[in-house]
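What you are looking at is a predicted structure, and each value in this text was computed from that prediction instead of being measured. Indexing begins at 1, ligand by ligand and atom by atom, following the structure's order. These numbers come from the heavy atoms of this one structure, side chains and all, not from hydrogens, waters or symmetry mates.
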Amino acid sequence: MCGIIGIVGTKPVAERLIESLKRLEYRGYDSAGIAAQVDGKLVRRRAPGKLRELEAVVAADPLIAETGIGHTRWATHGAPTERNAHPHIAGRVAVVHNGIIENFAELKAELIAKGRVFSSDTDTEVVAHLIDEALNDGLDPQAAFKATLDKLRGAYALAVLVGGEREVIMGARNGPPLAVGYGDGEMFIGSDGLALGPFTNRVAYLEDGDYVIIDHNSAKIFDEAGLPAERPIKTLAAASAVMEKGNYRHFMEKEIHDQPEGCQRTIAAYVDTLSDRTAVPGGIDFAKLERIQIVGCGTAYIAGLIGKYLIEQLADLPVDVEIASEFRYREPALNSATLAIAMSQSGETADTLAALRYCQAKGMRSAGVLNTVESTIGREVDVVWPIHCGPEIGVASTKAFTAQVAVLTAVAVAAAHARGKIDGDEEKRLVRVLLEAPRLMAESIKLEEAVKAVAVEVAKARDVLYLGRGPMYPLALEGALKLKEISYIHAEGYAAGELKHGPIALVDEQTPIVILAPFDSYFEKSASNMSEVMARGGQVVFITDPDGERHAPAGARVVVTAPRCDPLIAPLVMSAPIQLLAYYVAVQKGADVDQPRNLAKSVTVE
Ligand code: AGP
């Protein structure tokens, strides 16, 4: 989704804006631009494509100023061309925007009727024209901004420069996040703490309906009613964290390799290593719960599905998992003895946030399994369960997925003990199993070379099927999602038992079938699915463990043998092979692994 930065600064701004936009690249974008005032006039530089294109434009035609705004655009209204790239300028006003102005068509028609001429196909341009109209009507910039905000319907984070107001930027939030950064004689606004990281780690977050005016030394924040508001200033530990790939070619590759260490941090936060007991923060009384409702999107939703298998099996506690975009509009029946769990790496996913708010309106307590704790969901849930895996930059989620699964695994064990389904000794045994996960995940990553060889073949396929049973079924969904996202190969994940109910019709010599089957209680059934596929000429990539390899029917095209582990942590240990497979297929195809086409890291609009 679009990224925003605004700087009221004391140093050359163009480089700083671009530096900050680079930290927002992970969100996904297809054009970029910056604007500033030069000699009293608003000037902008824009380019379709990546930030290097914008850098080339700026190098050829420098923009000399100390205060300015910048934007990475993820196209919604209008193609990703230069004319649609932000900032949009109308008269004395330059605007960058993240979100969707839902009533832009009617506003645009009114503005055109007043003689306004539009130069883009975007919804955003109406904002610039509305503010400029209000200025022409004699309002001061703040009043013109507020009058405009009152006319907008939809979701927005905005940053606005007004010609003649050289040392001031205005910002507003309704939906997508906007942070205010406090520097030394300089002030900033940006989409998140990472964007502000190079300049400051002192950050306040606007609330929905807020708008802000920043100058060199202050931020004046107003709430929806236009009344002055205080928002707490937090010191962010990770804001200045350097986002480096190290020796890896891509962030995704690095993040796959980061997983054992990341999960170690996660698990350490959810167990007491002295007593080998679970220690889930937040004081949720699992014994009193009647049900858990998990909501999330994409990979976060899939992590929730794995949680369902583990929690129901271990704790005998019913768990519903639903895609947030369906849940929020379905009017599901809920009761207050249900705990809502919002799964989200970013903590900003619009549908997940709306689903959470729906649950809260029903009187339910809520927990958020989050990577970005300082996020909207983080601020709105009753209990934050941080996943502690560090910033995830690759659009395809990897380390956040396993860290989310690790949190839910600890929750499953804690709930099982709290509900009397396991005794203290069994809890200790399971905690020790969980503590082994990082080491076994590291072993699993060593399969990289074997997986790379498989990837060469899979890269030739048009379609790929992933099959699994039990918790390996959601992992099959995740494998298919990863492959689709970054290699653009059509892939589907199925419960292996569904094979005969449809997908078997797809089996032919050209379609690789990835079967995820450690040697667990489901193994025999998965092995017979494998035989059924092979009997029809299907090319099986069998991902198993040493016992599974020994017992597998002969004939799998490739066997990838992950380390043997307790079923509790099999989803964690079996993740790396499917992630590496997607990664190496994408590399083989020369795809843009970290910023796949059309995808955004943080989906802050519906
Ligand atoms: C994962 O690889 C995706 N890019 C995507 O499905 C993601 O998991 C989803 O958009 C949810 O994001 P969130 O975790 O930030 O809420």
Side-chain angles (χ1 to χ4, degrees), residues 1 3 24-29 74 175-177 191-192 194 250-253 255-256 259 294-307 321-328 340-357 367-378 380-381 384-387 389-405 407-408 466 474-475 477-488 491 493 575 578-583 586 591-606:
M1 293 278 118
L24 292 168
E25 275 191 299
Y26 75 94
R27 299 162 73 90
Y29 71 108
W74 187 80
S191 291
D192 60 26
L194 275 179
H250 299 100
F251 278 109
M252 181 180 177
E253 184 189 15
E255 287 160 3
I256 290 172
Q259 290 179 108
I294 299 180
V295 289
C297 300
T299 288
Y301 158 75
I302 294 172
L305 282 178
I306 294 177
V321 189
E322 193 160 340
I323 291 166
S325 55
E326 285 300 310
F327 179 90
R328 63 179 289 191
I341 302 183
M343 309 286 301
S344 180
Q345 188 284 131
S346 62
E348 299 293 350
T349 300
D351 285 317
T352 308
L353 178 60
L356 167 72
R357 287 175 177 166
V369 179
L370 306 172
N371 198 21
T372 315
V373 172
E374 297 295 343
S375 58
T376 309
I377 295 178
E380 295 197 11
V381 284
V384 174
W385 284 335
I387 62 172
C389 70
E392 188 181 64
I393 307 302
V395 164
S397 185
T398 51
K399 65 177 184 176
F401 171 69
T402 45
Q404 285 165 342
V405 171
V407 169
L408 293 184
Y466 287 73
L475 206 58
L477 297 178
E478 176 61 3
L481 178 62
K482 285 287 89 87
L483 190 73
K484 273 188 271 216
E485 278 190 294
I486 58 170
S487 76
Y488 318 138
S575 286
I578 55 154
Q579 296 166 341
L580 288 165
L581 182 59
Y583 173 74
D592 187 348
V593 171
D594 284 332
Q595 290 161 34
R597 71 181 179 209
N598 304 336
L599 289 181
K601 180 78 181 157
S602 176
V603 183
T604 50
V605 292
E606 290 185 55

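Annotation for ligand 1: atoms under 4.0 Å from non-hydrogen atoms of A396 are 2 (O). When each atom of ligand 1 is checked for a heavy atom of S397 under 4.0 Å away, the hits are 1 (C), 2 (O). Each of the following atoms of ligand 1 lies closer than 4.0 Å to a heavy atom of S344: 13 (P), 14 (O), 15 (O), 16 (O). Per-residue contacts place A300 under 4.0 angstrom from the following atoms of ligand 1 (heavy atoms of the residue considered): 8 (O), 14 (O). Residue S346 approaches ligand 1 through these ligand atoms, each under 4.0 Å from one of its heavy atoms: 13 (P), 15 (O), 16 (O).
Looking from atom 3 (C) of ligand 1 to the surrounding protein, the closest heavy atom is E485 OE2, 3.1 Å. The protein heavy-atom contact nearest to atom 10 (O) of ligand 1 is V603 CG2, 4.1 Å. Shortest contact from atom 7 (C) of ligand 1 to any protein heavy atom: T299 N, 4.0 Å. Among all protein heavy atoms, the one lying closest to atom 14 (O) of ligand 1 is Q345 N, 2.6 Å. Closest protein heavy atom to atom 11 (C) of ligand 1: C297 O, 3.3 Å.
Looking at E380, its side chain never comes within 3.5 Å of a backbone N or O of I377 through a donor-acceptor pair.
Counted by atom type alone, S375 and E348 present zero donor-acceptor pairs between their side chains at under 3.5 Å. Side chain to side chain, E478 and S575 fail the donor-acceptor criterion of an N or O pair below 3.5 Å.
Among the candidates K482, H250, E255, the single residue satisfying the side-chain hydrogen bond (donor to acceptor under 3.5 Å, both in side chains) test with Y583 is H250.
Residue E348 does not touch ligand 1, judged by heavy-atom distances below 4.0 Å.
When every heavy atom of V384 is checked against every heavy atom of V381, the shortest pair comes out as CG2-CG2, 3.7 Å. In plain terms, the two heavy atoms of A324 and V295 that are nearest each other are CB-CB, 4.4 Å. Between Q345 and A400 the shortest heavy-atom distance is CG-CB, 3.4 Å.
In this structure A480 satisfies the side chain to side chain contact (heavy atoms under 4.5 Å, CB included) test together with Y466, A491, sequence neighbours excluded.
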(Q) side chain to side chain contact (heavy atoms under 4.5 Å, CB included), that's the test. Do D192 and T372 meet it? Break it down for me. (A) CA-CA 10 Å; D192 60 26; T372 315; over 6 Å; no
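Between K482 and ligand 1, an N or O atom pair is found at a separation short of 3.5 Å.
In the candidate list T398, T349, V395, T349 is nearest to atom 13 (P) of ligand 1, counting heavy atoms.
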